[in-house]
Number of protein chains: 2
Amino acid sequence: MDYPPDAFARACASRVVLDRIGDRWTVLIVVALADGPLRFSQLREKIEGITPKVLTQTLRALERDGVLTRTVFAQVPPRVDYELTELGRDLLAPIDAIRVWAEQHAARIVTNRERYDEAADQLL
Amino acid sequence: MDYPPDAFARACASRVVLDRIGDRWTVLIVVALADGPLRFSQLREKIEGITPKVLTQTLRALERDGVLTRTVFAQVPPRVDYELTELGRDLLAPIDAIRVWAEQHAARIVTNRERYDEAADQLL
DNA sequence: GTACTCAGTATCCAATAGATACCGTCGATG
DNA sequence: CATCGACGGTATCTATTGGATACTGAGTAC
């Protein structure tokens with residue numbers, strides 16, 4: 001992998017975007033919506049462990065960026081659908097590359113951590 | 001982009017890894033080290049805005065995961081080199097995919113945000 | 001009028017990030 | 001001999017964010 005000389009400068013230029021993606025829940029939400037729109041409660045179930053407050057916050061931020069759309073249906077009980085935009089669907093490919101890397105190396109990383117922690121324990 | 005039926009479950013399995021990558025500074029550090037090892041102070045300069053505390057924390061976490069190595073030279077003044085491992089270098093490709101996406105869409109995202117915020121202002 | 005669904009808020013507390021100041025080693029300098 | 005400076009960090013404190021839990025409001029079904 002070769003980077004042109006100004007690669008890092010350009011990385012900085014897009015830091016504002018990376019900050020958004022580099023969020024604990026963003027990737028999970030985008031992947032959850034890969035197969036089509038979901039309602040708020042469906043996202044909540046699919047993404048185990050997220051609280052409604054944080055889900056709302058993250059969804060609003062993604063809507064703001066144009067990664068997904070939020071559609072309110074005038075019904076009772078209320079219904080709100082979240083769906084990836086083209087921009088969001090474009091994001092699936094790079095996210096998938098990260099996911100593949102993570103899956104391929106997850107086991108190795110876990111053992112690395114264990115070894116590191118053991119070594120640290122020895123020093124005490 | 002097609003996902004197999006259990007794609008999301010597997011994404012969850014690697015969440016522990018994603019949590020590490022999905023950190024504000026990790027991506028920047030890995031990219032900074034793409035061209036070869038750097039010293040602590042060099043990283044500090046290259047990654048504008050990072051405080052020494054957070055840089056130390058993030059570097060230690062990445063060392064723990066085996067993404068980079070930390071080499072202390074017995075010199076005065078001290079010298080410590082940080083260098084990507086093979087695992088870390090493998091990570092460059094997927095990170096690059098994200099970076100490319102970010103660069104391609106950064107301008108669009110910024111205008112999306114402006115439009116969203118304007119619309120929100122209208123409502124007040 | 002009571003209960004229920006759904007999509008969120010409100011409130012409060014804990015964990016994390018960030019700013020700033022400081023430390024220890026030791027060789028070079030005066 | 002005192003002191004200055006380089007380097008790679010810690011220590012301490014505060015601000016921001018994340019998380020747990022409880023609650024709300026509209027309306028329809030009972």
Side-chain angles (χ1 to χ4, degrees), chain A residues 12 15-30 32-33 36-65 68-83 113 116 120 123-124, chain B residues 12 15-30 32-33 36-65 68-83 113 116 120 123-124:
Chain A
C12 287
R15 244 164 88 166
V16 70
V17 174
L18 255 15
D19 277 353
R20 180 91 290 292
I21 306 305
D23 159 280
R24 170 133 196 226
W25 300 107
T26 293
V27 169
L28 272 347
I29 289 175
V30 171
L33 292 174
L38 290 177
R39 303 175 62 162
F40 188 85
S41 50
Q42 292 174 315
L43 280 168
R44 226 173 129 177
E45 284 165 28
K46 201 163 187 178
I47 304 172
E48 220 170 300
I50 195 167
T51 63
K53 190 186 83 170
V54 175
L55 181 55
T56 300
Q57 282 174 356
T58 312
L59 286 170
R60 292 290 149 82
L62 290 171
E63 188 197 1
R64 190 168 92 108
D65 286 353
L68 52 79
T69 57
R70 176 173 179 270
T71 309
V72 181
F73 296 87
Q75 299 178 0
V76 171
R79 172 178 172 187
V80 180
D81 275 12
Y82 292 92
E83 183 170 19
R113 285 183 190 174
Y116 184 96
L123 297 178
L124 297 185
Chain B
C12 287
R15 243 164 87 166
V16 72
V17 174
L18 256 15
D19 277 354
R20 179 92 290 293
I21 306 305
D23 158 279
R24 169 134 197 226
W25 300 107
T26 293
V27 168
L28 272 346
I29 289 175
V30 171
L33 292 174
L38 291 178
R39 305 175 64 161
F40 189 85
S41 48
Q42 292 175 312
L43 280 168
R44 228 175 127 176
E45 285 165 25
K46 201 162 185 178
I47 304 173
E48 220 170 299
I50 193 167
T51 64
K53 191 188 83 169
V54 174
L55 181 55
T56 300
Q57 282 175 355
T58 312
L59 286 170
R60 292 289 147 83
L62 289 171
E63 187 196 2
R64 189 167 95 109
D65 287 353
L68 52 79
T69 57
R70 176 172 180 271
T71 310
V72 181
F73 296 88
Q75 300 178 0
V76 170
R79 171 177 174 187
V80 180
D81 274 12
Y82 293 92
E83 183 170 19
R113 284 183 189 172
Y116 185 96
L123 297 177
L124 297 184

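Naming: A, B, ... by sequence-line order, numbering from 1 per chain.
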ask   = Can a side chain N or O of R60(A) be found less than 4.0 Å away from OP1 or OP2 on dA7(C)?
value = no

remark   = Taken to the nearest 0.5 Å, the spacing of L68(B) CG from T26(B) OG1 works out to 9.5 Å

task = With the side chain counted from C-beta on, respond yes when I47(B) and W25(B) share a heavy-atom pair under 4.5 Å apart, and no when they do not.
result = yes

query = With respect to the phosphate group of dG19(D), does any side-chain polar atom (N or O) of R24(A) fall under 4.0 Å of OP1 or OP2?
reply = yes

key: Atom-pair distance (CZ on R44(A); P on dT9(C)), nearest Å   = 12 Å

request  = Scan nucleotides 19-30 of chain C nucleotide by nucleotide, 5' to 3', and note B when protein non-hydrogen atoms come under 4.0 Å of the base, S if they reach only the sugar-phosphate, - if neither.
outcome  = B------B----

ask   = Can you find a side chain N or O atom of R70(B) that sits less than 4.0 Å from OP1 or OP2 on dG9(D)?
value = yes

request  = Rounded to the nearest angstrom, tell me the gap between atom CG in D81(A) and atom P in dA7(C).
outcome  = 8 Å

ask   = Taking the side chain as C-beta and beyond, is there a heavy-atom pair between L38(A) and D81(A) under 4.5 Å?
value = no

Distance-only criterion, 3.5 Å: show the donor-acceptor pairs between side-chain atoms of residues 50-64 of chain A and protein atoms not counting sequence neighbours.
| residue | atom | partner | partner atom | Å |
| --- | --- | --- | --- | --- |
| T56(A) | OG1 | P52(A) | O | 2.9 |
| T58(A) | OG1 | V54(A) | O | 2.7 |
| R64(A) | NH1 | D117(B) | OD1 | 3.0 |
| R64(A) | NH1 | D117(B) | OD2 | 2.6 |

Length of the CG-P vector between L28(A) and dG19(D), whole Å = 11 Å

inquiry  = Without decimals, in angstroms, what is the distance between L43(B) CG and dG8(D) P?
reply    = 10 Å

ask   = With respect to the phosphate group of dT5(C), does any side-chain polar atom (N or O) of R39(A) fall under 4.0 Å of OP1 or OP2?
value = no

query = Which residue lies toward the 5' end of DNA chain C, V54(B) or Q42(A), if each is placed at its nearest nucleotide?
reply = Q42(A)

remark   = L38(B) atom CG is separated from dG8(D) atom P, nearest whole Å, by 11 Å

ask   = Looking at NZ of K46(B) and OG of S41(B), how far apart are the two atoms once the value is rounded to the nearest 0.5 Å?
value = 12.5 Å

task = Would you kindly give the CD-to-C1' distance between E63(A) and dG8(C), to the nearest whole Å?
result = 14 Å

remark   = To the nearest 0.5 Å, atom CZ of R24(B) lies from atom CG of D23(A) at 12.5 Å

ask   = What nucleic acid atoms does Y82(B) come within less than 4.0 Å of, heavy atoms only: base, sugar-phosphate, or nothing?
value = sugar-phosphate

request  = Can you tell me the distance, in whole Å, between the CD atom of Q57(B) and the P atom of dT12(D)?
outcome  = 15 Å

message = Using whole Å, what does the distance between atom P of nucleotide dA17(C) and atom CG of L55(B) come to?
response = 13 Å

ask   = Does T56(B) put a side-chain nitrogen or oxygen below 4.0 Å from OP1 or OP2 of dG9(D)?
value = no

Minimum heavy-atom distance L33(B)-Y82(B), with the two atoms named = CD2-O, 3.4 Å

inquiry  = Check the phosphate of dG18(C) against W25(B), side-chain N and O only, distance under 4.0 Å to OP1 or OP2. Yes or no?
reply    = yes

